[in-house]
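Accompanying notes for the structure given below.
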Amino acid sequence: MKTKDFDKKFEEGQEDMVDDLDLSSARRVNQEQKLIVERMKILEGIAKGEQAIREGRTMDMSQAKEKMSKWLK
């Protein structure tokens, strides 16, 4: 469909124009950047956990349960 035909159809207010669009290469705006940010947050969390292990700032399951007992009731 030519652009002018599409524009005319749009201006006439025809409701269902989705069938006239080629959505095969459509993508969400900023989706790639959002995925990169989420991956960076995950990697940062892993790095912090590894640092805590190296510094001995960890506890075993029984210590964690004892510390969190007031919330686990």
Side-chain angles (χ1 to χ4, degrees):
M1 171 179 287
K2 301 262 184 203
T3 305
K4 65 180 182 179
D5 297 331
F6 185 84
D7 288 342
K8 182 180 176 188
K9 198 172 182 181
F10 177 78
E11 302 219 355
E12 289 174 356
Q14 295 187 15
E15 291 181 25
D16 191 9
M17 296 180 63
V18 174
D19 294 333
D20 298 319
L21 301 173
D22 177 15
L23 301 176
S24 64
S25 62
R27 64 181 183 92
R28 294 174 66 186
V29 177
N30 294 326
Q31 189 63 25
E32 290 177 30
Q33 290 84 355
K34 289 178 184 178
L35 290 174
I36 290 170
V37 169
E38 289 301 314
R39 287 182 184 141
M40 293 300 290
K41 288 179 184 179
I42 291 168
L43 292 173
E44 182 181 5
I46 292 170
K48 285 181 179 180
E50 290 174 336
Q51 185 67 31
I53 291 169
R54 283 192 294 275
E55 294 173 358
R57 295 183 289 116
T58 60
M59 59 182 77
D60 62 29
M61 185 61 80
S62 62
Q63 291 170 318
K65 283 183 180 180
E66 184 179 326
K67 191 167 186 171
M68 296 182 67
S69 63
K70 60 183 172 185
W71 294 289
L72 296 175
K73 292 180 181 179

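Rounding to the nearest 0.5 Å places CD of Glu38 at 4.5 Å from NZ of Lys41. Between atom CG of residue Asn30 and atom CG of residue Leu35 there is a gap of 11.0 Å, rounded to the nearest 0.5 Å.
Scanning both residues, Lys67 and Met59, for their nearest heavy atoms gives CD-CE, 3.8 Å.
More than 12 non-hydrogen atoms from other residues, nucleotides or ligands lie less than 6.0 angstrom from CD of Glu55.
A donor-acceptor distance shorter than 3.5 angstrom exists from the side chain of Gln63 to the backbone of Asp60, with no hydrogens or angles considered.
In summary, Glu44 and Lys48 engage in a salt bridge, as defined by a charged side-chain N under 4.0 Å from a carboxylate O.
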